[in-house]
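Read through the structure below, which is laid out as structure tokens, and then see the notes.
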Amino acid sequence: MASENSPLLAYRLLGDEGVAFSANGAGGPGGASARKLSTFLGVVVPTVLSMFSIVVFLRIDSARSSGLQVLPQGYGWNLLYGSLLLGLVGGVCTLGAGLYARASFLTFLLVSGSLASVLVSFVAVGPRSIPLTPRPGPNGSSLPPQVGHFTGFNSSTLKANLGAGYSKDYTTGAMMNFASVFAVLFNGCTGIMAGANMSGELKDPSRAIPLGTIVAVAYTFFIYTLLFFLSSFTCDRTLLQEDYGFFRAISLWPPLVLIGIYATSLSASMSSLIGASRILHALAQDDLFGVILAPAKVVSRTGNPWGAVLYSWGLVQLVLLAGKLNTLAAVVTVFYLVAYAAVDLSCLSLEWASAPNFRPTFSLFSWHTCLLGVASCLLMMFLISPGAAGGSLLLMGLLSALLTARGGPSSWGYVSQALLFHQVRKYLLRLDVRKDHVKFWRPQLLLLVGNPRGALPLLRLANQLKKGGLYVLGHVTLGDLDCLPSDPVQPQYGAWLSLVDRAQVKAFVDLTLSPSVRQGAQHLLRISGLGGMKPNTLVLGFYDDAAPQDHFLTDPAFSEAADGTQEGGSPALSTLFPPPRAPGSPRALSPQDYVATVADALKMNKNVVLARACGALPPERLSRGSGGTSQPHHVDVWPLNLLRPRGGPGYVDVCGLFLLQMATILGMVPAWHSARLRIFLCLGPREAPGAAEGRLRALLSQLRIRAEVQEVVWGEGAGSGEAGEEEEGDFVNGRRGDAEAEALAGSANALVRAQQGRSRGEGPGGPEGGDGEGGPATALTFLYLPRPPADPARYTRYLALLEILTRDLGPTLLIHGVTPVTCTDL
């Protein structure tokens with residue numbers, strides 16, 4: 001069974017009778033005391049005695065009998081009495097739960113006897129007048145003495161007591177009202193959690209806590225109601241307001257009432273102290289507040305958390321300095337209400353999360369009662385003391401923020417995750433793909449990554465391009481599950497999720513096992529996402545002969561300790577991903593399969609983005625902050641298929657508009673705000689300048705795209721009518737041979753480089769021909785990606801032409817769009 005140092009915030013799985021499994025998973029009798037408290041001793045007795053603590057407010061400090069002073073009075077004496085009693089209570093709790101249970105049962109008998117004598121006295125004692133101690137007046141004088149009356153059962157007395165009639169509290173001089181009376185009375189009902197606080201010492205907590213708590217609450221409610229009824233029927237208002245210890249004056253044997261008051265206050269103190277110490281010890285064990293609660297971890301050989309008891313004793317000793325209990329009643333009540341509201345909110349969250357493992361045995365439980373409890377607690381908090389209520393909520397918020405920042409134990413589980421799952425599932429079901437409209441289109445990217453070490457800049461660039469859409473990191477592990485003892489993909493998810501956290505990108509991770517990368521890409525394109533959130537754009541790195549770089553070594557976010565571990569002792573990311581591929585080593589994907597993957601995506605009606613040389617992107621453009629203070633850059637867009645150039649007004653097709661949309665989305669990212677968007681308009685030799693530019697500017701105005709339009713003349717544009725007759729993607733077939741296609745790609749590359757160089761004041765040599773100080777450099781170039789040829793045998797030539805087209809252009813995105821993404825309708 002669990003020992004006394006078992007955390008109260010987590011249940012322990014029980015094995016054989018008398019054996020408990022400790023927090024580290026090892027079970028056995030060594031060092032663990034068996035659970036021994038029954039429902040009555042462990043729940044009913046502590047709860048009843050705690051809820052009877054209202055008699056504490058019957059004023060022990062007015063302990064006098066017929067004017068005889070029993071004990072010396074005064075602030076110092078009261079502090080001494082309280083400290084001595086607190087020391088006694090602390091000693092009992094320090095010795096363990098067994099002694100506490102026996103002491104609680106003894107005090108329960110004393111309190112029951114005292115209550116029985118009081119109830120009998122209401123019937124047995126005849127009417128009498130009771131002299132009251134004079135109130136202190138101004139300037140040290142005393143007010144005239146008053147007399148209270150015990151009338152016996154009298155309907156006139158009951159009628160006179162039914163009204164509010166608030167007056168000043170003679171112990172504090174403060175004017176009473178409903179809120180202050182509720183605050184005092186509420187403290188008599190705050191022991192409801194006493195049984196739950198003793199869960200570590202109960203034989204059967206799941207049964208004892210609800211049963212014992214309900215029995216205790218019902219019993220206490222009956223006793224309180226009976227006392228209220230008898231008091232209002234027999235005691236006049238003067239006696240009730242001027243003597244909080246009037247039970248002694250009407251008792252058959254007054255000392256027994258005083259014994260009951262002391263016994264109740266003592267038992268309530270013991271229950272509160274041992275419950276608080278157990279909770280404090282649990283908080284300390286979970287390291288929620290670090291060194292602040294470190295002393296509360298100390299336990300005895302038998303597991304009794306005496307360090308937490310002493311810690312709680314010291315805190316209560318500070319509270320005793322306040323002197324007047326009514327002074328603290330409002331604050332204590334507000335904190336109790338916050339705690340109860342938090343419990344109700346927890347149950348409400350679990351109910352709304354619809355978690356299958358949340359199966360409360362209390363048959364009257366529902367989310368309606370939880371919501372009513374939260375609302376009632378918050379309402380009463382602000383009625384009692386708006387300042388204390390606001391301060392307590394602020395303190396709870398600060399503690400919650402601190403715990404969130406520190407991160408709680410992973411074994412707890414997070415109800416927020418269950419709530420998010422429930423809400424996401426509900427709204428995903430309402431996300432109907434049949435209601436999609438082009439006005440609300442957004443890119444939803446699937447980035448296929450072989451090794452993230454060499455793809456870190458592309459990973460961040462894709463995060464910027466998603467514009468609030470879905471972003472999935474896909475990876476294909478080569479293999480056949482039939483030939484493996486277990487799935488090798490599942491253990492990899494942790495490393496990829498850590499990569500997402502470290503790179504600070506908002507992406508999901510989807511991994512698959514497949515005999516080939518192409519088949520794996522097909523799997524991911526078909527099954528990634530859920531419902532209306534599925535990728536519509538495939539992003540791939542460019543297939544070239546460039547040696548991959550290890551960006552983990554240069555990126556500050558991935559700097560790690562020399563021993564290959566992260567903070568907290570977990571393995572470093574550099575040990576979880578293999579080193580980049582060495583130059584000349586075999587690849588997992590052939591050029592043929594690479595182009596085939598692009599063709600597969602287009603057949604599935606997915607847009608395609610091929611990214612080349614993203615490692616050369618300016619670092620400030622990939623940061624999460626604003627790029628307003630960075631060096632000015634251009635973003636160049638060529639919305640024309642440069643491998644099949646055409647003049648005329650109809651050159652802006654669906655793919656060209658897709659390029660404009662993606663470039664505009666990138667410009668909306670804070671890091672790219674300062675970059676200037678340039679759109680290049682290619683003219684044929686016989687086209688008049690200005691006409692096409694005007695039509696393009698009108699289109700940009702309709703699309704609300706701010707960009708600089710530049711016309712460039714390209715003699716290869718439509719020199720003969722034959723080129724216009726060829727089908728798109730068939731530029732390597734028929735009459736146009738390989739040499740002519742390569743010449744066309746080379747001339748297109750030279751044209752783009754010439755415009756990049758002109759923007760920086762360079763010569764025709766392009767970006768590599770000058771120092772780059774003549775003007776803003778081109779940070780990124782958007783090019784039209786032609787469709788792959790229909791003949792798979794020409795895939796290799798197609799890839800070679802793309803390499804020629806993008807050679808030495810710097811960071812480049814080759815994009816082919818197949819879906820409409822812009823709309824000019826309101």
Side-chain angles (χ1 to χ4, degrees), residues 352-356 414 416-449 458-476 489 493 496-497 500-501 503-512 514 519-540 597-609 654-655 657-666 668-669 703-704 813 815-826:
W352 278 353
S354 301
Y414 297 92
S416 60
Q417 296 297 307
L419 288 172
L420 288 173
F421 178 89
H422 182 268
Q423 293 301 107
V424 168
R425 182 194 63 86
K426 180 174 71 173
Y427 286 108
L428 271 176
L429 291 173
R430 298 177 62 181
L431 191 61
D432 192 346
V433 295
R434 296 168 295 183
K435 298 179 181 179
D436 283 346
H437 194 277
V438 65
K439 289 191 297 185
F440 310 111
W441 180 91
R442 65 186 68 209
Q444 305 196 92
L445 309 181
L446 170 62
L447 171 61
L448 290 184
V449 181
L458 175 56
L459 190 143
R460 290 195 170 114
L461 179 62
N463 184 64
Q464 295 174 331
L465 287 171
K466 72 180 186 303
K467 185 50 183 174
L470 178 67
Y471 181 24
V472 179
L473 293 181
H475 175 73
V476 179
V489 170
Y493 272 97
W496 284 88
L497 293 175
V500 169
D501 295 337
Q504 295 183 329
V505 296
K506 298 177 181 179
F508 297 95
V509 174
D510 213 344
L511 311 179
T512 188
S514 178
Q519 292 183 17
Q522 292 176 356
H523 298 166
L524 294 175
L525 283 169
R526 292 185 184 278
I527 66 176
S528 290
L530 188 64
M533 296 186 64
K534 297 183 74 68
N536 56 28
T537 304
L538 173 66
V539 183
L540 294 170
T597 301
V598 174
D600 293 340
L602 294 176
K603 291 176 183 178
M604 297 180 189
N605 203 37
K606 307 292 185 183
N607 311 298
V608 176
V609 177
V654 171
C655 184
L657 291 176
F658 188 86
L659 261 73
L660 293 176
Q661 181 81 325
M662 296 299 287
T664 304
I665 289 174
L666 185 63
M668 299 169 69
V669 178
L703 298 178
R704 299 169 300 280
L813 295 182
I815 298 178
H816 190 97
V818 296
T819 56
V821 295
T822 58
C823 179
T824 57
D825 297 334
L826 292 178

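- Asn463 contributes a side-chain N or O that, together with a main-chain N or O of Lys506, makes up a donor-acceptor pair within less than 3.5 Å.
- You'll find the side chain of Lys466 stays beyond 4.5 Å of the side chain of Arg442, heavy atoms only.
- In the displayed structure, Tyr493 atom OH is contacted under 6.0 Å by more than 12 heavy atoms of other residues, nucleotides or ligands.
- Considering only residues two or more places apart in sequence or on other chains, Tyr471 meets the ring-ring contact (aromatic ring centres under 6.0 Å, His included) condition with none of them.
- Between atom CG of residue Leu540 and atom CG of residue Leu447 there is a gap of 8.0 Å, rounded to the nearest 0.5 Å.
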* To do: Please test Leu458 against Val539 for side chain to side chain contact (heavy atoms under 4.5 Å, CB included), starting from the C-alpha separation and ending with a verdict.
  => CA-CA 9 Å; Leu458 175 56; Val539 183; 4.2 Å; yes
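- Centroid-to-centroid, the aromatic rings of Phe508 and Trp496 stay 6.0 Å apart or farther.
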* To do: Test side chain to side chain contact (heavy atoms under 4.5 Å, CB included) on Leu602 and Val818 and set out the steps.
  => CA-CA 7 Å; Leu602 294 176; Val818 296; 3.8 Å; yes
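- Shown here are the side chain to side chain contact (heavy atoms under 4.5 Å, CB included) partners of Ser528, two or more places apart in sequence or in another chain: Leu446, Val472, Asp510, Leu524, Pro535.
- Here Arg430 pairs with nothing under the salt bridge (charged side-chain N to carboxylate O under 4.0 Å, His left out) rule; sequence neighbours left out.
- Under the 4.5 Å side-chain criterion, counting only non-hydrogen atoms from C-beta, Leu530 is in contact with Leu428.
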* Kindly indicate, with the supporting measurements, whether the criterion side chain to side chain contact (heavy atoms under 4.5 Å, CB included) is fulfilled by Lys534 and Gln444. => CA-CA 7 Å; Lys534 297 183 74 68; Gln444 305 196 92; 5.7 Å; no
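- When atom types are taken as modelled, the side chain of His475 and the backbone of Val449 share a donor-acceptor pair closer than 3.5 angstrom.
- Contact of the Leu461 side chain with the Leu813 side chain is registered, since non-hydrogen atoms from C-beta on lie closer than 4.5 Å.
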